[in-house]
Amino acid sequence: MGNQVEKLTHLNYKEVPTADPAGVDRDEGPRIGVSYIFSNDDDELEQQQESGHDLGGEHPALQPYDPQLHEVECSVYYRDECIYQKSFSEEDILPEEGDEGGQGHLSTYTPENLLNRCKPGDLVEFVCQAQYPHWVVYVGDFQVVHLHRLEVVNSFLTDASQGRRGRIANQLYRYKPLSPAAVVRNALEQVGCKDRDLSWRNSECFAAWCRYGKREFKIGGELRIGKQPYRLQIRLGDKRSHTLEFQSLEDLIMEKRRNDQIGRAAVIQELSSHLQAAEEEDEEEDEDHHHHPGAQTAVE
């Protein structure tokens, strides 16, 4: 059956390769690349959350959703190029026609309102507290194509939303998009694809591939050869940020979606605990070097 690679999971940020929050690596020597192959698609977790709520079924009333309160602000870089950005700062917000909440392209709307805004080829991101974002491709006539429960399906937008608010997500990724006709064609050609025939781990990767046509969104689309060219910069507030490094865009998206699912407060708390532990370790090392001058000399 060929070579089998054991899937690994990470439980916290200590297990993810990181860069110094200030953006300066302490160790100037070569970095050792670590490949993170995440345990199964987060769509499986979406299935558990949505159990009992099939497409078109009634969805329980959801509590009010505030993107700035729940969502993680972050940027994604490939080497030095920014390829994705979600930011609520005034200078980063892009204007959105008819925006009443002042959040520009990150404003969210009811599914019915989205129908009046969507054009064929648009990407839509449905969001809800404590759930993974669900991405779809609008193909016209009130319908979308999306990866749902390990199958690419064609649904009505209102059914695919399952009661969640959504936004048009064309401006999050900064790649050059394909023509609207090509985006729609990419999506419709994959309808019916499921299980082991799938080339995408989640709805976001599928939708982004339809719009941008880049193999980096596919499973195994990039070789993991030890280098970590992708960086996920997470904003912690007060002009502070923390950066994680990844070997592939696929792995990075999995981590970004996990952050979206657990929410902004949990991510900041998790990172703060990790950074505090790292600072304490550094202080202990400094004290050891102070009491044992030989150690400092050896390091130098």
Side-chain angles (χ1 to χ4, degrees), residues 7 37-57 59 76 84 86 111 114 118 120-128 130-170 172-173 175 177-178 180 182-222 248-261:
K7 291 186 176 181
I37 303 177
F38 292 76
S39 72
N40 257 332
D41 186 337
D42 50 42
D43 279 335
E44 289 191 357
L45 297 179
E46 288 176 341
Q47 291 179 43
Q48 297 172 11
Q49 295 167 350
E50 298 167 359
S51 59
H53 303 289
D54 292 327
L55 291 176
H59 195 281
V76 175
Y84 173 101
K86 178 184 285 187
L114 278 172
C118 286
D122 283 348
L123 303 189
V124 176
E125 179 188 32
F126 293 113
V127 291
C128 180
Q131 292 187 15
Y132 287 97
H134 190 70
W135 289 55
V136 304
V137 181
Y138 186 73
V139 296
D141 296 327
F142 313 116
Q143 298 182 60
V144 298
V145 172
H146 57 127
L147 178 57
H148 177 73
R149 299 190 176 183
L150 301 181
E151 182 178 1
V152 177
V153 296
N154 192 178
S155 314
F156 285 108
L157 181 146
T158 49
D159 292 340
S161 72
Q162 296 193 331
R164 292 171 286 194
R165 294 177 68 86
R167 63 169 62 97
I168 295 176
N170 296 340
L172 290 175
Y173 284 97
Y175 294 121
L178 302 174
V183 177
V184 171
R185 183 172 61 252
N186 282 344
L188 291 175
E189 286 178 349
Q190 301 302 321
V191 172
C193 184
K194 60 182 178 179
D195 299 329
R196 294 188 177 184
D197 293 330
L198 290 171
S199 297
W200 310 272
R201 288 194 182 276
N202 51 61
S203 60
E204 180 174 344
C205 285
F206 170 72
W209 173 82
C210 290
R211 181 169 174 83
Y212 303 105
K214 299 183 73 66
R215 61 183 174 85
E216 287 87 341
F217 290 108
K218 288 189 170 185
I219 295 175
E222 296 176 280
S248 71
L249 182 59
E250 176 191 0
D251 288 350
L252 185 149
I253 290 174
M254 294 288 283
E255 178 63 21
K256 180 174 70 67
R257 289 173 62 78
R258 186 192 78 98
N259 291 343
D260 289 333
Q261 190 266 332

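Counting from 1, the numbers follow the sequence of the chain as shown. The shown structure was predicted, so the numbers you read here are calculated from the model rather than taken from an experiment. Just so it is clear, the values below take in all heavy atoms, side chains as well, and ignore hydrogens, waters and symmetry mates.
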Original post:
Within 45 degrees of the axis of the six-membered ring of Y173 and under 6.0 Å from its centre: does K214 put its NZ or CZ there?
Top reply: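 No, cation not above the ring by the 6.0 Å, 45° rule.
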Counting only N and O atoms by type, is there a donor-acceptor contact under 3.5 Å from the side chain of [X] to the main-chain atoms of [Y]?
| X | Y | answer |
| --- | --- | --- |
| N170 | L123 | yes |
| N154 | V144 | yes |
| R211 | A208 | no |
| N202 | E204 | yes |
| R165 | C128 | no |

Measuring from atom [atom1] of [X] to atom [atom2] of [Y], what distance do you get when rounded to the nearest 0.5 angstrom?
| X | Y | atom1 | atom2 | result |
| --- | --- | --- | --- | --- |
| M254 | N259 | CE | CG | 12.0 Å |
| K218 | S248 | NZ | OG | 15.0 Å |
| H134 | R257 | NE2 | CZ | 8.5 Å |
| E125 | L114 | CD | CG | 11.0 Å |

State, to 0.1 Å, how close [X] and [Y] come at their nearest heavy-atom pair, and which atoms those are.
| X | Y | answer |
| --- | --- | --- |
| H146 | F206 | CA-CE2, 4.1 Å |
| A160 | S155 | CB-CB, 4.4 Å |
| Q143 | Y138 | O-CD1, 3.3 Å |
| P120 | G140 | CG-CA, 4.1 Å |
| A187 | V139 | CB-CG1, 4.3 Å |
| S161 | T158 | OG-O, 2.7 Å |

Are [X] and [Y] packed together at the side-chain level, in the sense that at least one heavy-atom pair is separated by less than 4.5 angstrom?
| X | Y | result |
| --- | --- | --- |
| V137 | Q190 | no |
| P133 | K256 | no |
| L198 | C193 | yes |
| L157 | F126 | yes |
| Y84 | L172 | yes |
| Q131 | R164 | yes |

**OP:** Identify, with sequence neighbours excluded, every residue that meets side-chain hydrogen bond (donor to acceptor under 3.5 Å, both in side chains) alongside E216.
**Re:**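 Not a single residue meets the side-chain hydrogen bond (donor to acceptor under 3.5 Å, both in side chains) criterion with E216.
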Subject >> Pairing residues for N186 by the side-chain hydrogen bond (donor to acceptor under 3.5 Å, both in side chains) criterion, not counting sequence neighbours >> reply: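 side-chain hydrogen bond (donor to acceptor under 3.5 Å, both in side chains) list for N186, sorted by chain: empty.
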Original post:
Take atom CZ in F142; do more than 12 heavy atoms of anything else shown fall under 6.0 Å from it?
Top reply: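 Counting neighbours around CZ of F142, 12 or fewer heavy atoms of other residues, nucleotides or ligands fall under 6.0 Å, so no.
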**OP:** Pick out which of V183, V145, V152 makes a side-chain contact (heavy atoms from CB on, under 4.5 Å) with L188.
**Re:**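 Exactly one pass, corresponding to V145.
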Subject >> Working for side chain to side chain contact (heavy atoms under 4.5 Å, CB included), residues D159 and H148 >> reply: CA-CA 12 Å; D159 292 340; H148 177 73; over 6 Å; no
**OP:** Could you walk me through whether S203 and V136 pass the side chain to side chain contact (heavy atoms under 4.5 Å, CB included) test, one step at a time?
**Re:** CA-CA 7 Å; S203 60; V136 304; over 6 Å; no
Subject >> Qualifying residue for ring pair (Phe, Tyr, Trp, His ring centres under 6.0 Å) with W200, from W135, F217, W209 >> reply: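 When W135, F217, W209 are each tested with W200, the ring pair (Phe, Tyr, Trp, His ring centres under 6.0 Å) holds only for W209.
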